[in-house]
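FYI, the numbering just counts along the sequence from 1.
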Amino acid sequence: FMEKILISACLVGDKCNYEGKSNYTPKIKDLLEKYELVPFCPECEGGLTTPRDPSERIKDKVVSSKGRDVTYQYEKGAELAYNICMYLGIKTAILKKHSPSCGSNEIYDGTFSHKIITRDGVTAELLKRKGINVITEDDIDTLL
């Protein structure tokens with residue numbers, strides 16, 4: 001059987017990013033030869049609509065560009081992502097870079113000015129804390 005990998009749904013072509021578009025990554029085709037991909041969008045699964053206002057992490061909260069506190073939805077989506085990993089025995093996640101939920105090591109700084117800081121998104125942070133290997137679409141080659 002093939003190893004399962006959790007992957008941000010937008011990376012496989014689901015139109016679920018905040019603009020209602022996908023972030024399809026062509027290298028997905030190569031991954032499918034070696035792995036079973038499990039698409040998941042923590043923001044949608046946490047209860048946010050598509051499209052939605054862009055959000056960024058500010059201190060211990062996640063806030064939309066219009067000032068709405070969406071921390072609960074982000075934390076719920078992260079918990080659900082972890083539950084899927086546990087249920088399916090998933091050890092690796094490929095998450096969308098810079099996202100306030102999925103970003104690994106680099107996310108936007110909370111000023112909505114496209115400035116990058118060193119920090120994880122809510123889902124990436126939880127998965128890492130629980131021992132899941134989290135990479136971004138830029139690191140797919142390391143799995144091939």
Is there a donor-acceptor pair closer than 3.5 Å between any side-chain N or O of [X] and the backbone N or O of [Y]?
{"X": "Asn17", "Y": "Gly20", "value": "yes"}
{"X": "Asp14", "Y": "Cys16", "value": "no"}
{"X": "Arg57", "Y": "Arg119", "value": "no"}
{"X": "Gln73", "Y": "Gly46", "value": "no"}

Atom pair [atom1] ([X]) and [atom2] ([Y]), whose distance is rounded to the nearest 0.5 Å:
{"X": "Ile116", "Y": "Thr118", "atom1": "CD1", "atom2": "OG1", "result": "9.5 Å"}
{"X": "Cys10", "Y": "Leu95", "atom1": "SG", "atom2": "CG", "result": "9.0 Å"}
{"X": "Leu48", "Y": "Lys76", "atom1": "CG", "atom2": "NZ", "result": "9.5 Å"}
{"X": "Ile90", "Y": "Phe40", "atom1": "CD1", "atom2": "CZ", "result": "10.0 Å"}
{"X": "Glu125", "Y": "Ser101", "atom1": "CD", "atom2": "OG", "result": "12.0 Å"}

Under 4.5 Å between side-chain heavy atoms, counting indirect links through other Ile/Leu/Val/Met/Phe/Trp/Tyr residues: same cluster for [X] and [Y] or not?
{"X": "Tyr35", "Y": "Ile135", "value": "yes"}
{"X": "Ile84", "Y": "Met86", "value": "yes"}
{"X": "Leu88", "Y": "Ile94", "value": "no"}
{"X": "Leu32", "Y": "Ile140", "value": "yes"}
{"X": "Ile132", "Y": "Ile7", "value": "no"}

Exercise for the section: Using the side-chain contact (heavy atoms from CB on, under 4.5 Å) rule, take Lys130 and Cys85 through it: C-alpha gap first, then chi angles, then the decisive distance, then the call. Expected result: CA-CA 10 Å; Lys130 299 285 194 174; Cys85 290; over 6 Å; no
Problem - Exceeds 12 heavy-atom contacts within 6.0 angstrom, atom OH of Tyr24 - result: yes
Exercise for the section: State whether Asp53 and Arg68 are salt-bridged, where the test is any N-O pair (Lys NZ or Arg NE/NH1/NH2 against Asp/Glu carboxylate O) under 4.0 Å. Expected result: no
Handout entry: Residues Glu137 and Lys27 bridged, charged N to O under 4.0 Å
Key = no
Exercise for the section: Starting from the C-alpha separation in whole Å, work towards a yes-or-no answer on side-chain contact (heavy atoms from CB on, under 4.5 Å) for Glu56 and Val62. Expected result: CA-CA 6 Å; Glu56 294 187 7; Val62 184; over 6 Å; no
Exercise for the section: Kindly indicate, with the supporting measurements, whether the criterion side-chain contact (heavy atoms from CB on, under 4.5 Å) is fulfilled by Ile117 and Ile107. Expected result: CA-CA 6 Å; Ile117 55 168; Ile107 61 171; 4.2 Å; yes
Note, [X] side chain near [Y] side chain (heavy atom, < 4.5 Å):
{"X": "Ser104", "Y": "Thr136", "answer": "yes"}
{"X": "Leu127", "Y": "Leu6", "answer": "yes"}
{"X": "Glu106", "Y": "Lys97", "answer": "no"}
{"X": "Ser113", "Y": "Asp109", "answer": "yes"}
{"X": "Tyr74", "Y": "Ser55", "answer": "yes"}
{"X": "Ile5", "Y": "Val38", "answer": "no"}
{"X": "Pro100", "Y": "Glu43", "answer": "yes"}
{"X": "Lys115", "Y": "Tyr108", "answer": "no"}

Problem - Minimum heavy-atom distance Val70-Val63, with the two atoms named - result: CG2-N, 4.3 Å
Completion exercise
Tightest non-hydrogen contact, residues Gly110 and Ile58, listed as O-CD1, 3.5 Å
Practice task
Please determine which of Ser8, Pro42, Cys41 meets the side-chain contact (heavy atoms from CB on, under 4.5 Å) test together with Thr123.
Solution key: Pro42
Exercise for the section: Return yes if a side-chain donor-acceptor contact under 3.5 Å exists between Asn105 and Lys128, otherwise no. Expected result: yes
Practice task
Start with the C-alpha distance between Thr92 and Lys4, add both sets of side-chain angles, then the distance that settles side-chain hydrogen bond (donor to acceptor under 3.5 Å, both in side chains), and finish with yes or no.
Solution key: CA-CA 8 Å; Thr92 300; Lys4 292 179 175 66; over 6 Å; no
Exercise for the section: Please assess Leu143 against Glu3 for the test side-chain contact (heavy atoms from CB on, under 4.5 Å), listing each intermediate value before the final yes or no. Expected result: CA-CA 11 Å; Leu143 298 173; Glu3 181 185 344; over 6 Å; no
